[in-house]
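Below is one structure, written out as structure tokens; comments come after it.
Order of the sequence lines fixes the chain letters, A, B, ..., with proteins taken first and strands second; residue numbering starts at 1 for each chain. Only heavy atoms go into these numbers, but all of them, side chains included; no hydrogens, no water, no symmetry mates. Source: prediction; values computed, not measured.
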Protein chains: 2
Amino acid sequence: MNTLSYGLLALLTANSLSGYELTQSIKPLWRAGHSQIYPLLVSMEQKGYISYERIEQTDKPDKKIYTITEAGLEQLREWVETPADPPVLRDELHFKLYSLWLARPEEAKALLVRRAEFCRSELDRYNLMIKANEALCQERGETRELTATTFGRYLLLRKRVMDMESSVAFCEWAIGELESNAVPLE
Amino acid sequence: MNTLSYGLLALLTANSLSGYELTQSIKPLWRAGHSQIYPLLVSMEQKGYISYERIEQTDKPDKKIYTITEAGLEQLREWVETPADPPVLRDELHFKLYSLWLARPEEAKALLVRRAEFCRSELDRYNLMIKANEALCQERGETRELTATTFGRYLLLRKRVMDMESSVAFCEWAIGELESNAVPLE
DNA sequence: CTTCACATGTAATGGGTTACATGATTTA
DNA sequence: TAAATCATGTAACCCATTACATGTGAAG
């Protein structure tokens, strides 16, 4: 049971989903390909944390819809209360910033402009997800379980939004620094 | 040549360092153990990007001081100008936030308090590094190469500071949300 | 007629973590 | 006397990415 396994369990508390749908759903939150996910689903099914129902389809390939079990929910509940390990961030940009004096000025600026664009598009995506989540929350009534899962999703999405806003702010600040430092160095 | 290799090259543009020192220096910027670093140094030495001098010591074990070569500097220069891949963030807290409704309220709050404390200590560490970098900048004169490496280090450290400030702000906001949502749900 | 979406799997390779291995000196 | 710092390396294992593999239907 690695972190990704718990992430899959977490998604399954909101909805029963196929391996394919889990792969799509987890993408904005955690980088993982389908080749990582399918074997984990097999192993969690063997452990009794999830169960599946085979859905036969004629037009599309058959699929397996996974549902979290009581044992799976209990496992997840225990994990949630354990302290979260420090986050691991691997960002090439860090080393490129460190070595930015080696780049031609236009290329240095381009590096930051591209990153700012990437972060703005991520920001838009997360903001859309927040809106979809709020709509879902209103559409369904206010039963306790449902507001609980939409609340968790809201917290998470707000975190992603704040992180992206901070990254955009950094890029804009750094572009300004580049421009004000360009001349005095020579 | 993976990202970590370029990171090691980047550090060697400021100072010649031993494998041990590189391991310590890179820690605040990139998670990597010495068992990853020593083999990369061997392979970069074989490629001609770095060279080393063996220093014999009597009180402590012998060491190898690595220096970047012209070829290494050229390799790094080319890499810096290529677009930076999107960052990869793996943070358990994301999934724990999603599943926070499963945790008892005190444990949910403790999760966020612990993370806020971690981020504040990181923030302090980076702020100290910025001060050390500024002192270094003043101590040495203002020759072009030196201001260049201290500038890159400054940019990078400011990014880390901004990221940590954003994380602390999130934790504080989320703790407030937890408290205001605790009662109305029942 | 090619690409995209749906849908599930395996295999090879590369990257990262933990543990094994050694050994002197200093500090608690 | 136990732990920490300095110093370098290897081995085993786990995790992640890319590629291989198959097949239908819809849309451009």
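- At dA16(D), none of the side-chain N or O atoms of Arg31(A) fall inside 4.0 Å of OP1 or OP2 (strictly under the cut-off).
- Between the base of dT18(C) and the side chain of Ser35(B) there is a donor-acceptor pair shorter than 3.5 Å.
- Within 4.0 Å of Gly33(B), counting heavy atoms only, lies no atom of the nucleic acid at all.
- For the pair Arg54(B) CZ and dC6(D) P, the computed distance is 19 Å after rounding to whole Å.
- Phosphate proximity of dG9(C) to Tyr38(A): absent, as no side-chain N or O sits under 4.0 Å from OP1 or OP2.
- Ring planes of Trp79(A) and Tyr6(A): parallel class, angle under 30° (limits at 30 and 60°).
- A salt bridge is absent between Arg120(B) and Asp124(B); no separation between the charged side-chain nitrogens and carboxylate oxygens falls under 4.0 Å.
- Linking ILVMFWY side-chain heavy atoms closer than 4.5 Å, directly or via other members, places Val42(B) and Leu11(B) in two distinct hydrophobic clusters.
- Residue whose closest nucleotide on DNA chain D sits further toward the 5' end, between Val88(B) and Glu21(B): Glu21(B).
- Between the CD atom of Glu45(A) and the P atom of dG9(C) there is a distance of 11 Å, rounded to whole Å.
- In the set dG16(C), dT17(D), dG9(C), the nucleotide with an atom closest to the side chain of His34(A) is dG9(C).
- For Lys27(A) and dA16(D), the NZ to C1' distance is 14 Å, given to the nearest whole Å.
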Steps toward side chain to side chain donor-acceptor pair (under 3.5 Å) verdict (Ser5(A), Asn2(A)): CA-CA 5 Å; Ser5(A) 303; Asn2(A) 55 21; 2.8 Å; yes
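- Following rounding to the nearest Å, Tyr52(A) (OH) and dT8(C) (P) show an atom-to-atom distance of 11 Å.
- Taking atom CG on Leu40(B) and atom P on dT8(D), their separation rounds to 15 Å, with Å as the unit.
- Closest to the side chain of Trp30(B), from the set dG9(C), dG16(C), dT8(D), is dG16(C).
- The side chain of Gln57(A) contributes no N or O atom lying less than 4.0 Å from OP1 or OP2 of dC6(C).
- Nearest-nucleotide mapping onto DNA chain D: of Gly19(B) and Met1(A), the residue sitting toward the 5' end is Gly19(B).
- Taking atom CG of residue Leu89(A) and atom C1' of nucleotide dG16(C), one finds them 16 Å apart after rounding to whole Å.
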Thr23(B) and Lys27(B): CA distance, side-chain angles, deciding distance, side chain to side chain donor-acceptor pair (under 3.5 Å) verdict: CA-CA 6 Å; Thr23(B) 305; Lys27(B) 250 175 204 168; over 6 Å; no
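- Applying the 4.0 Å criterion to OP1 and OP2 of dT8(D), one finds that Tyr20(B) has every side-chain N and O outside that range.
- Rounded to whole Å, atom C1' of dG15(C) lies 14 Å from atom CD of Glu92(A).
- For Asn2(B), whose side chain is taken as the heavy atoms from C-beta onward, the closest listed nucleotide among dG15(C), dA7(D), dC6(C) is dG15(C).
- Residue contacts shown for Thr58(A) are absent, as no nucleic acid heavy atom lies under 4.0 Å away.
- Contacts of Arg90(B) with the nucleic acid, taken as non-hydrogen atoms under 4.0 Å apart, involve only primed sugar atoms and P, OP1 or OP2.
- In terms of phosphate contacts, Lys60(B) brings no side-chain nitrogen or oxygen within less than 4.0 Å of OP1 or OP2 of dG23(C).
- Between Asp85(A) atom CG and dG16(C) atom P there is a gap of 17 Å when expressed in whole angstrom units.
- Rounding to the nearest 0.5 Å places CG of Leu29(B) at 11.0 Å from CG of Leu89(A).
- Between Gln36(B) and the phosphate of dT17(C), there is a side-chain N or O to OP1/OP2 separation shorter than 4.0 Å.
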